[in-house]
Engineer: 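Sharing a structure below in structure tokens format, with a few things to ask.
Please read these numbers as outputs of a predicted model, since none were measured by experiment. In each ligand, atom 1 is the first atom listed, and ligand 1 is the first ligand listed.
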Amino acid sequence: MNILEIIEAKKQGRELSPAQIAFVVDGFTDGSIPDYQMAAFLMAVWFRGMTDAETSELTGVMLRSGEELDTTGLDAPSADKHSTGGVGDKVSLLLAPLAAACGLKVPMLSGRGLGHTGGTLDKLEAIPGYRIHMENEEFLRITAEQGCAIIGQSGSIAPADGKIYALRDVTATVDCVPLITASIMSKKLAAGPRTIVIDLKCGSGAFMRSLDQARALASALTAVGRAHGRNMAVIFSDMDQPLGVAVGHACETLEALAALRPGGRDEAPGDLVTLTEELTADMVRVSGLAPDRDAALAVVRDAWNSGAAWERARAWITAQDGRLDWDREDLGLEIAPLALELEAGDDGWLEGMDCRQVGLALADMHAARRRVEDPLDLTSGIDFLARIGARVSKGDVLARFFCPRRDEAEAAAQRVRAALRIGEREVAARDLILDRVD
Ligand code: URA
């Protein structure tokens, strides 16, 4: 087989055979295909796309480039959720123990944040002692015993993706549905869950800005998941404003865990509660533990209100050596002092915002990465209080900035102020759940 012929075939828009796709991925991973030829191949895919069969094959080859976990020994249906990333998205921290309390096993491999989107692993690292790396056997044992475990993906999971993603990042080929699909699914499939529910975020704080783009990605993700024998469901959720109030690592971890505490659900931000329940209910229903959406939601609410999910959260975090002061309101998490408050300059309605800028404001306080190697301040964060459609009066506090360095908090607040659109016309609140695919 010849790499030039394969690049040429894709350039002409022809469908590649499984053997050709394997040749490219294996050759690039073992170093026999150089970066410049792989870059040309990726760009040809960017322009010409891939069929569902090709995308599924690409995913499979990338998956088989590394280890796959064997979840067949778990004594209950396994399920996982993947979010395409957003601002203030701390759902995994609630959903994993909640799903466990509903009777599922949740082996979750998570990633770090980059740019304006946060990552679950960074949020978990705000918990003193929490171990994000361990051997696969221990990860599966904790999942079996506690119902869930969340760790970072090691280099042994889909190593082809790491190498290909690094090249996509510097060749303007990240925003390509088949390549995104193979990248996400090769990693998600490796942890072995039988059911995968996707939270496909859409809006100014998301990867996918429009619902049409989101639908194309959803269709590719579900086709690949099903081709690999998994049950799939997708919820399209709004990411035109942060999810919940807290944005930032320790702040988000506290908001998520406080919501699970007995009585915490009623105090928690409504959008966070709704999205967590809907995603968990889909995991429960699609796994076959409830016959329909209403029954699944009832199971989820019972697990939350009874305190069972809180108990699962404590057991899971303790099993991964996390040390929290469970009786304290702040759980002993270190959060930076309040540096300043951003007030509304005028009366009006919050019409909208560039949500991406709210995520980037964290980077102004060293609480998000601009580059992969940037160090993170896990204590700094924002309480984002404004909601689209809300009436605001001059002087109302729109956001609070927690940061040990006032000049950085000022830069972050300026960025957030510029991102908000306060107008004179009344506007409707945004829908959170935009659509679904079952
Ligand atoms: N997330 C991934 O893991 N891969 C992509 O290509 C895009 C988002």
Side-chain angles (χ1 to χ4, degrees), residues 21 24-25 28-29 38-39 41-47 49-50 54-63 65-66 68 80-87 89 91-92 108-123 132 150-191 193 196-203 205-210 213-225 228 230 232 234 236-237 239 356 359 368-369 371-372:
I21 292 171
V24 175
V25 174
F28 181 60
T29 312
M38 189 62 177
F41 174 79
L42 293 170
M43 192 55 87
V45 172
W46 194 95
F47 276 105
M50 279 186 150
E54 284 176 299
T55 308
S56 180
E57 198 53 42
L58 178 64
T59 308
V61 182
M62 284 164 59
L63 167 67
S65 71
E68 289 174 62
D80 195 1
K81 181 242 7 164
H82 176 79
S83 157
T84 54
V87 180
D89 181 6
V91 166
S92 293
M108 201 181 263
L109 299 180
S110 283
R112 297 200 177 277
L114 184 59
H116 70 286
T117 62
T120 299
L121 270 197
D122 300 319
K123 292 168 206 188
I132 57 168
I150 308 182
I151 60 167
Q153 197 182 291
S154 71
S156 66
I157 299 290
D161 174 60
K163 203 166 171 204
I164 295 172
Y165 191 90
L167 190 59
R168 287 168 60 205
D169 207 21
V170 293
T171 54
T173 49
V174 169
D175 57 338
C176 172
V177 165
L179 299 179
I180 295 174
T181 301
S183 168
I184 291 175
M185 292 303 285
S186 59
K187 291 174 289 197
K188 274 285 139 182
L189 293 171
I196 301 174
V197 173
I198 307 279
D199 177 10
L200 227 159
K201 299 209 171 283
C202 183
F207 231 156
M208 298 285 142
R209 299 291 173 98
S210 75
Q213 287 175 319
R215 282 190 211 287
L217 181 57
S219 151
L221 290 167
T222 47
V224 166
H228 285 82
R230 313 303 162 101
M232 301 291 297
V234 182
F236 297 89
S237 69
M239 191 24 80
R356 188 167 181 272
R369 296 184 185 85
R371 289 173 317 172
V372 188

Engineer: With side chains defined as the heavy atoms from C-beta onward, is the minimum distance between R112 and R369 less than 4.5 Å?
Structural biologist: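 R112 reaches R369 side chain to side chain.
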Engineer: If we check side-chain contact (heavy atoms from CB on, under 4.5 Å) with R168, which of these qualifies: D175, L42, V45?
Structural biologist: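 Exactly one pass, corresponding to L42.
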Engineer: Salt-bridge test for K81 and D199: reply yes if a basic N is under 4.0 Å from a carboxylate O, no otherwise.
Structural biologist: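 No, K81 and D199 are not salt-bridged.
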Engineer: First locate atom CE of M185, then atom CE of M232, and finally report the distance between them rounded to the nearest 0.5 Å.
Structural biologist: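 The CE atom of M185 sits 4.0 Å away from the CE atom of M232.
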Engineer: Test S110 against every option in I151, I132, L121 by the side-chain contact (heavy atoms from CB on, under 4.5 Å) rule and name the one that passes.
Structural biologist: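 Result for side-chain contact (heavy atoms from CB on, under 4.5 Å) with S110: L121.
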Engineer: Ignoring hydrogens and angles, state whether a donor on the side chain of S186 or D161 is under 3.5 Å from an acceptor on the partner side chain.
Structural biologist: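 Distance-only check fails for S186 and D161.
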Engineer: Can you name the residues that come within less than 4.0 Å of ligand 1, going by heavy atoms only?
Structural biologist: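 Lining ligand 1 at under 4.0 Å, by heavy atoms, one finds Y165, R168, I180, S183, I184, K187, F207.
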